[in-house]
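Below: one structure, written as structure tokens.
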Amino acid sequence: MYERRTQEAPSIPPPPRGTIGSTRPPSDVRIGDFVYLDGAYQRVRDMRSAGTAAHRVLIFAGREPWVMREARTTYRPIDFR
């Protein structure tokens, strides 16, 4: 029969333990931050410039590099200094 589609977005899992989320532009992302991509949190292992300060190529372990072109929520480990 007919099934009604819901407008709810699928929920994402809780962020990695010991991190705090914030919306950051590509220029503010650091090695060690986490980004939620393709259903999992990926830790930034390295990064490269993509020609401008407005774009960054983020490199992860076990996943192909990803170009960050706009501000996005990233999760940074809490620093207890």
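For the numbers below, each heavy atom of this structure counts, side chains included, while hydrogens, waters and symmetry mates do not. Sequential numbering from 1 along the given sequence is applied to the chain's residues.
A71 and P26 get closest at one heavy-atom pair: N-CD, 4.1 Å. The minimum heavy-atom distance linking P25 with M68 is given by the pair C-CE, 4.2 Å. Between Y75 and G21, the closest heavy-atom pair is CD2-CA, 3.4 Å.
R30 has its side chain within reach of R76: a pair of non-hydrogen atoms, C-beta onward, lies under 4.5 Å apart. Residues T19 and F34 meet the side-chain proximity criterion, which asks for heavy atoms closer than 4.5 Å.
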Would you tabulate the side-chain donor-acceptor contacts of residues 54-66 under 3.5 Å, counting partners in other chains and residues two or more places apart, or write 'none'?
from : atom 1 : to  : atom 2 : distance (Å)
H55  : ND1    : T52 : OG1    : 3.0
R63  : NH2    : D38 : OD2    : 2.6

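We find the CD1-CD1 distance between I20 and I78 to be 5.5 Å, quoted to the nearest 0.5 Å. In this structure, OG1 in T73 is found 12.0 Å from CG in D33, a value given to the nearest 0.5 Å.
In summary, of the residues considered (R24, R43, R72), a side-chain contact (heavy atoms from CB on, under 4.5 Å) with V35 occurs for R72 alone.
Y36 places no side-chain N or O within donor-acceptor distance of the main-chain N or O of P15, the cut-off being under 3.5 Å.
Other residues, nucleotides and ligands place more than 12 heavy atoms under 6.0 Å from the CG atom of L37.
Partners of P14 according to the side chain to side chain contact (heavy atoms under 4.5 Å, CB included) rule, which considers only residues two or more places apart in sequence or in another chain, do not exist here.
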